[in-house]
Structure formats: structure tokens, C-alpha cells
> 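Please read through the structure below; I'll follow up with questions.
In this chain, residues are counted from 1 in sequence order. Keep in mind that the numbers below use all heavy atoms, side chains included, and drop hydrogens, waters and symmetry copies.
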Amino acid sequence: MTQTNNQEQDRASQGVYTQMRNLPERLDWYQNMALGMYLYWTVDAPFGMVNAHSVIGASADYLRRYFSQLPAYFDPRQFDAGWYARLAKLCGFDYVTVAAKNHNGFCLWDTETTEFNVMNTPYGEDILRQYAHALRAKDLPVGMYFSPDDAYFQWQRGKTPARARDYANPEHNAELLEYDKAQIRELVERYEPDIICFDGYRDATRSLVEYTWSLKRDIMITRGGIITPEQERRGDLRGPFEAHYTIGTQWQYKAGNDDLKSGRELIELLIDIRSRGGALLLAVGGPDADGRLPRNMDDRVREIGLWNFVNGEATRAVRPWHARHEAGIYFTWDAPARTVYAFDTLPPLEMGEWRRISLKSVRATEETEVEVLGQAGTVLEYQPDVAPKARWRQEGDELRITFCRVQRLYNNRKWPNPLVLKITNAAEA
């Protein structure tokens with residue numbers, strides 16, 4: 001099969017994620033959010049290995065040790081759900097999604113459906129309950145990830161763990177479907193999630209989505225209800241969608257051998273996704289075996305957080321502008337405020353350095369004002385003779401803006417990340 005045909009088949013399979021209908025008001029609520037924190041964590045985190053997938057194609061001896069012995073080493077004594085909630089709130093994340101159950105079948109809550117759960121580990125505490133309580137204390141929506149194709153369920157019944165076979169798919173396995181439904185009922189009734197992300201293979205989620213909505217209709221379903229591309233920039237997509245990305249190369253904690261995206265790469269990814277009306281669900285590479293967020297991941301989260309602290313209004317409660325970008329300048333649009341946000345992804349400016357851009361998709365009106373977010377435009381540190389206010393004028397079909405980087409965010413006065421222009425009372429050109 002050609003690469004083109006493979007891509008077409010993959011996109012067709014994604015169609016199963018768009019056949020269900022979230023309530024319009026919940027979809028609108030979700031589209032106002034820009035950035036979600038993905039906390040991906042399961043029983044094999046102590047090794048810093050791939051989450052769950054190692055059981056597919058594994059030997060009988062490996063499976064026995066994985067399911068029978070590995071839970072004895074899950075003991076994250078330094079885990080603090082409140083710390084994660086505070087970090088998410090500080091750094092401008094709009095919601096948090098926690099991996100309640102991964103493909104291996106390990107449950108992070110006190111479930112009555114299986115012994116393969118967090119209560120039967122040395123840690124022995126309901127992690128989902130801790131997350132839900134901590135997030136709600138910070139007014140953060142609670143998201144839960146759930147995989148219906150359960151390797152432990154298969155292994156217990158003498159089956160070879162797989163993801164694509166009929167017995168691994170609840171749409172073709174009535175016993176597995178009822179098992180998954182019992183777990184979904186526990187999650188919905190006990191923890192009242194605001195968002196659920198189903199991660200079934202191909203068509204494995206339809207009945208579970210319908211069942212979830214029969215329990216609580218206003219739960220927002222991401223995967224299972226909207227398109228959710230993974231690690232892929234789909235330039236053809238327009239919102240609503242949820243893009244799933246990792247900071248490094250793995251969804252959960254990886255012990256070494258990783259290659260992290262830079263803070264700027266992650267911020268530009270967020271800008272690109274928001275310019276198309278989507279939301280970024282970012283797997284932050286933790287918690288680790290002890291329940292902490294690794295330092296290198298924490299650094300990335302805080303860099304994003306600083307950018308959000310300055311520029312967050314440009315990504316929340318906005319929609320796409322009629323033009324996504326012009327020559328390195330990306331856009332979002334706040335229609336009620338008649339405000340265009342222009343994200344400068346051109347090479348970083350030195351402090352005190354000026355830049356001139358010309359925009360053809362935005363037109364100034366008599367009431368237009370332009371400012372750089374975070375800057376008053378009145379003072380350049382140690383240079384009292386400089387007037388650093390942004391200037392603009394409409395010349396024919398071009399809006400010409402000149403602006404300066406003024407604000408010092410690091411001691412060395414360097415700032416590698418995009419500035420954002422706020423253009424109020426703007427009109428479509």
C-alpha cells in the first residue's frame with residue numbers, strides 16, 4: 001500500500017472519533033480552553049518504560065512477572081496531587097487529564113472490578129480521588145483517560161494480549177464491554193469527571209461513549225467525540241479538536257534516553273493549534289516512580305507557564321481568525337471584544353530591539369489600539385530617552401506595525417519565545 005493510501009486509511013479510522021455528538025454548549029465550553037496537562041502514569045512507571053505496550057507480543061514468563069510481580073514495586077511515596085494542581089493552575093493549564101486505566105488494565109482507583117489496581121500495591125491509596133479533589137480545589141476541570149482494551153482482562157482468560165483482535169475490542173466482546181461499563185460507572189458516579197478521553201482501537205469506543213452519556217450527558221468526550229491526532233501536525237484540521245503531544249518521546253515518565261522539545265517548540269505548537277481552533281493536551285512526562293515530576297519536565301512546564309502568565313489571554317476563549325498566519329505571524333480572534341491577537345514566531349528580538357511587520361488580513365479602524373502583551377509601552381529599562389510604545393498605521397491594504405521588546409523576563413535580558421500583539425477594534429481586511 002502506498003504512503004498516501006496509508007494516510008487516507010489512518011484518517012478514515014479517525015472518523016470513529018467524530019461520529020458522536022457532544023452537547024453544543026459543552027463543545028463551546030471546551031473550545032474556550034487552550035491547554036491541558038496530561039498526567040500519564042501506570043504500574044510500569046518504576047522502570048521509566050513505555051506505558052503498557054510492552055505486554056503486546058510478550059512471552060508467557062514476561063506476562064506473569066508483569067501482572068503478578070510489578071505491582072509490588074508501585075510505591076510513589078512522594079506523590080502529592082495538590083502539588084500537581086497548583087503547578088497546573090500557576091502555569092496556565094486549563095484542565096488536567098489523568099490516565100485512569102491504560103491498555104494494560106491497571107486501574108489508578110479503588111475499583112471493585114479487578115484486583116489489578118492501585119489499592120493492591122504498597123502505595124495502597126486511591127490516586128484518582130486525590131487528583132479529583134485537588135483539581136476541583138483549584139477550579140480546574142477533571143479529565144480522565146480510559147482504555148477499554150484491557151490486557152490483564154485478556155491474560156486472566158488465557159488469551160494472548162492484543163489490541164486489534166475481536167476479543168480485545170468491547171464492540172465484539174460482550175463480556176469485555178460489560179466489564180468496561182462497570183468501570184466507567186464507577187468513574188462517573190464516584191469522581192464526576194468533566195472530560196473523558198477514550199483510547200480504544202479503531203471502533204472500540206462507540207458503545208462506551210453512548211453508555212457514558214446515558215449516565216451523565218454533559219460529560220465532554222474528546223477522543224470518541226472529536227478528532228484527537230497524536231504527535232502529528234494536521235494542517236488540514238480546524239477546531240474543535242484535541243491534539244495529543246509529549247514533551248519528550250514518551251507519554252509517561254522515561255528514565256533517560258529521551259529527546260525533549262524546547263520550550264519554544266512547545267509554545268509554537270500551542271500557538272499553531274489555537275490558530276486552528278484546537279486544544280493542546282500535553283503529556284508532561286510524569287509522575288515518575290516516586291510520584292514527582294522530573295526536573296527537566298518541570299523546567300519545560302514552567303517555561304510555558306511564564307509565557308502563559310504574560311500572554312494567556314491570547315489563547316483562551318478565542319477562535320480562529322479568517323487567516324491562520326502571515327509570514328511567521330499567527331492569529332487568534334476574540335469576536336466579542338473585536339480583538340485580534342498576533343503571535344510573532346519570527347526570530348527572537350533582543351531587549352530594546354524593534355521590528356516592523358505588515359499584515360494584510362487585519363485592518364485598523366479609527367478606534368484601533370495596538371500593544372505588546374505584558375508591556376506598558378512607556379519605559380525601556382535604563383534607557384529613559386526611548387519611547388517604546390508600539391506604532392501602527394493603515395496604508396492601503398496593509399496594516400503596518402512597529403514594536404519593541406521591552407519586558408525583561410530573564411536576567412540576561414534574552415527571551416527566546418514569541419511576543420504577542422493585541423490589536424483591538426480590528427476589522428477583517
> Once you round to the nearest 0.5 Å, how far does CG of Leu282 lie from CG of Leu270?
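That separation rounds to 9.0 Å.
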
> Do Thr246 and Gln231 have side-chain atoms, one donor and one acceptor, less than 3.5 Å apart?
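Indeed, the side chains of Thr246 and Gln231 share at least one donor-acceptor pair under 3.5 Å.
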
> Is the closest side-chain donor-acceptor distance between Glu326 and Ser361 under 3.5 Å?
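On atom types as modelled, these side chains qualify, holding a pair under 3.5 Å.
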
> Are Lys138 and Arg86 packed together at the side-chain level, in the sense that at least one heavy-atom pair is separated by less than 4.5 angstrom?
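They are in contact (side-chain heavy atoms under 4.5 Å apart), so the answer is yes.
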
> Is the shortest side-chain N to carboxylate O distance from Asp150 to Arg163 below 4.0 Å?
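Result for this pair is no, no salt bridge flagged.
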
> Would you say the side chain of Tyr95 lies within less than 4.5 Å of the side chain of Asp194, judging by non-hydrogen atoms?
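The answer is no, as the side chains (C-beta and beyond) never meet within the 4.5 Å cut-off.
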
> Scan residues 333-387 for pairs that pass ring pair (Phe, Tyr, Trp, His ring centres under 6.0 Å), counting only residues two or more places apart or in two chains.
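For residues 333-387: Trp321-Trp333.
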
> Is Thr42 reaching over with its side chain to a backbone N or O of Asp44, donor-acceptor style, under 3.5 angstrom?
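No; zero donor-acceptor contacts below 3.5 Å.
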
> Classify the ring geometry of Trp109 against Phe146: parallel below 30°, tilted from 30° to 60°, perpendicular beyond 60°.
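Plane angle between 30° and 60°, so tilted.
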
> Rounded to the nearest 0.5 Å, what separates atom CD1 in Ile304 from atom CG in Leu269?
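Going from the CD1 atom of Ile304 to the CG atom of Leu269 covers 9.0 Å.
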
> Is Asn117 reaching over with its side chain to a backbone N or O of Met119, donor-acceptor style, under 3.5 angstrom?
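Such a contact is found between Asn117 side chain and Met119 backbone.
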
> Determine, stepwise, if the pair Tyr253 / Tyr40 fulfils ring pair (Phe, Tyr, Trp, His ring centres under 6.0 Å).
CA-CA 8 Å; Tyr253 162 64; Tyr40 223 89; over 10 Å; no

> So, do Trp41 and Phe74 have ring centers that fall under 6.0 Å from each other?
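Yes.
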
> Do NZ/NE/NH1/NH2 and the carboxylate oxygens of Lys254 and Asp288 come within less than 4.0 Å?
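Salt bridge flag = no for Asp288 with Lys254.
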
> Under a 3.5 Å distance rule, please check whether Arg276 uses its side chain to pair with a backbone N or O of Pro240 as donor and acceptor.
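Not a single qualifying donor-acceptor pair exists.
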
> Please step through salt bridge (charged side-chain N to carboxylate O under 4.0 Å, His left out) for the pair Lys216 and Asp218, ending with a clear verdict.
CA-CA 6 Å; Lys216 194 170 189 293; Asp218 66 351; 2.8 Å; yes

> Please assess Arg292 against Asp298 for the test salt bridge (charged side-chain N to carboxylate O under 4.0 Å, His left out), listing each intermediate value before the final yes or no.
CA-CA 10 Å; Arg292 300 172 300 183; Asp298 185 277; over 6 Å; no

> Kindly indicate whether the side chain of Met37, heavy atoms from C-beta on, has any atom under 4.5 Å from the side chain of Leu87.
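They are in side-chain contact.
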
> Answer whether the closest heavy-atom distance between the side chains of Leu409 and Gln407 falls below 4.5 Å.
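Touching, per the 4.5 Å side-chain cut-off.
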
> Report the C-alpha distance between Phe106 and Tyr152 in whole Å, list the side-chain angles of each, state the deciding distance to 0.1 Å, and finish with yes or no for ring pair (Phe, Tyr, Trp, His ring centres under 6.0 Å).
CA-CA 8 Å; Phe106 185 74; Tyr152 182 75; 9.4 Å; no

> Of the non-hydrogen atoms in Gly277 and Pro320, which two are nearest, and what is the gap between them?
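Minimum heavy-atom separation between Gly277 and Pro320: N-CG, 3.5 Å.
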
> Report the C-alpha distance between Thr249 and Asp258 in whole Å, list the side-chain angles of each, state the deciding distance to 0.1 Å, and finish with yes or no for side-chain hydrogen bond (donor to acceptor under 3.5 Å, both in side chains).
CA-CA 6 Å; Thr249 58; Asp258 211 351; 2.7 Å; yes

> Please evaluate residues Glu268 and Thr345 with respect to the criterion side-chain hydrogen bond (donor to acceptor under 3.5 Å, both in side chains), reporting the C-alpha separation (whole Å), side-chain torsions for both, the decisive distance (0.1 Å), and the verdict.
CA-CA 7 Å; Glu268 288 188 348; Thr345 66; 4.7 Å; no

> Search all heavy atoms of Gly263 against all heavy atoms of Asn417 and return the closest pair with its distance.
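Smallest interatomic distance, heavy atoms only, reads C-OD1, 4.1 Å.
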
> Rounded to the nearest 0.5 Å, what's the gap from CG on Asp259 to CD on Gln250? Could you check?
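It is 13.0 Å, given to the nearest 0.5 Å.
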
> Thinking salt bridges, do Glu210 and Arg217 make one under a 4.0 Å N-O criterion?
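No salt bridge links Glu210 with Arg217.
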
> Is any side-chain heavy atom of Val142 closer than 4.5 Å to one of Arg136?
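Answer yes - side chains close enough.
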
> Taking the side chain as every heavy atom from C-beta outward, state whether Leu421 and Ile357 have any pair of such atoms under 4.5 Å apart.
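A side-chain contact under 4.5 Å exists here.
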
> So, Arg408 and Glu381, do they make that salt bridge, N to O below 4.0 Å?
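Counted as a salt bridge, because a side-chain N and a carboxylate O are separated by less than 4.0 Å.
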
> Testing the basics here: between Pro76 and Gly291, what is the closest heavy-atom pair and its distance to 0.1 Å?
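Nearest heavy atoms, Pro76 then Gly291: CB-N, 3.6 Å.
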
> With a 3.5 Å cut-off and sequence neighbours excluded, list the donor-acceptor pairs that the side chains of residues 128-135 form with protein atoms.
| from | atom 1 | to | atom 2 | distance (Å) |
| --- | --- | --- | --- | --- |
| Gln130 | OE1 | Tyr123 | OH | 3.4 |
| Gln130 | NE2 | Tyr123 | OH | 3.2 |
| Gln130 | NE2 | Asp126 | O | 3.3 |

> Taking the side chain as everything from C-beta on, heavy atoms only, tell me whether Leu176 gets closer than 4.5 Å to Pro148.
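No, too far: nothing below the 4.5 Å cut-off.
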
> Salt bridge between Arg223 and Asp199, side-chain N to carboxylate O under 4.0 Å?
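Yes, this pair counts.
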
> Compute whether any side-chain donor of one residue and acceptor of the other, for Arg319 and Asn32, lie under 3.5 angstrom apart.
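Distance-only check passes for Arg319 and Asn32.
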
> Any donor-acceptor pair under 3.5 Å linking the side chain of Thr402 with the backbone of Arg356?
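Not a single qualifying donor-acceptor pair exists.
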
> Any carboxylate oxygen within less than 4.0 angstrom of a Lys/Arg side-chain nitrogen, looking at Glu395 and Arg400?
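Here Glu395 pairs with Arg400 in a salt bridge, since their nearest N and O are under 4.0 Å apart.
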
> Between Asp397 and Lys360 (side chain of the first, backbone of the second, donor and acceptor by atom type, cut-off under 3.5 Å), is there such a pair?
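Such a contact is absent between Asp397 side chain and Lys360 backbone.
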
> Hey, is Arg190 close enough to Asp110 for a salt bridge, meaning N to O under 4.0 Å?
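Judged by the 4.0 Å cut-off on N to carboxylate O distance, Arg190 and Asp110 do not form a salt bridge.
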
> Main chain of Leu208, side chain of Thr205: is a donor-acceptor contact present, judged purely on distance under 3.5 Å?
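A pair under 3.5 Å: no.
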
> Is there a side-chain contact between His244 and Cys197 in this structure, where contact means two heavy atoms from C-beta onward sitting under 4.5 Å apart?
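In short, these two side chains touch, coming nearer than 4.5 Å.
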
> Hey, are Lys422 and Asp334 close enough for a salt bridge, meaning a charged N less than 4.0 Å from a carboxylate O?
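The answer is no: the pair does not qualify as a salt bridge.
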
> Working note: Arg206 + Glu171, criterion salt bridge (charged side-chain N to carboxylate O under 4.0 Å, His left out); need CA distance, chi angles, decisive distance, verdict.
CA-CA 8 Å; Arg206 171 169 286 278; Glu171 294 294 322; over 6 Å; no

> Hey, is Glu303 close enough to Arg300 for a salt bridge, meaning N to O under 4.0 Å?
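Result for this pair is no, no salt bridge flagged.
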
> Which distance, rounded to the nearest 0.5 Å, do you find between the CG of Asn169 and the OG of Ser207?
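Interatomic distance, Asn169 CG to Ser207 OG, rounded to 0.5 Å: 9.0 Å.
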
> So, applying side chain to side chain contact (heavy atoms under 4.5 Å, CB included) with Met144, which one of Ile184, Leu187, Leu108 is it?
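Option passing the side chain to side chain contact (heavy atoms under 4.5 Å, CB included) with Met144: Leu187.
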
> Can you tell me how far the CD1 atom of Ile221 sits from the CD1 atom of Ile219, to the nearest 0.5 Å?
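Here the rounded value is 6.0 Å.
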
> Could you go step by step and tell me if Tyr30 and Glu242 meet the side-chain hydrogen bond (donor to acceptor under 3.5 Å, both in side chains) rule?
CA-CA 10 Å; Tyr30 177 75; Glu242 181 180 63; 3.1 Å; yes

> Checking side-chain polar atoms at under 3.5 Å, does Tyr38 have a donor or acceptor matched by the opposite partner on Tyr245?
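Tyr38 vs Tyr245: no donor-acceptor pair found between side chains.
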
> Decide whether Thr113 and Gln183 meet the rule of one side-chain donor and one side-chain acceptor closer than 3.5 Å.
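Judged by distance alone, the side chains do pair up.
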
> How many angstroms lie between atom CG of Leu281 and atom CD of Glu230, to the nearest 0.5 angstrom?
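So the gap between those two atoms works out to 10.0 Å.
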
> Is there a salt bridge (charged side-chain N to carboxylate O under 4.0 Å, His left out) between Asp149 and Lys101? Walk through the geometry before answering.
CA-CA 10 Å; Asp149 46 331; Lys101 186 184 83 166; over 6 Å; no

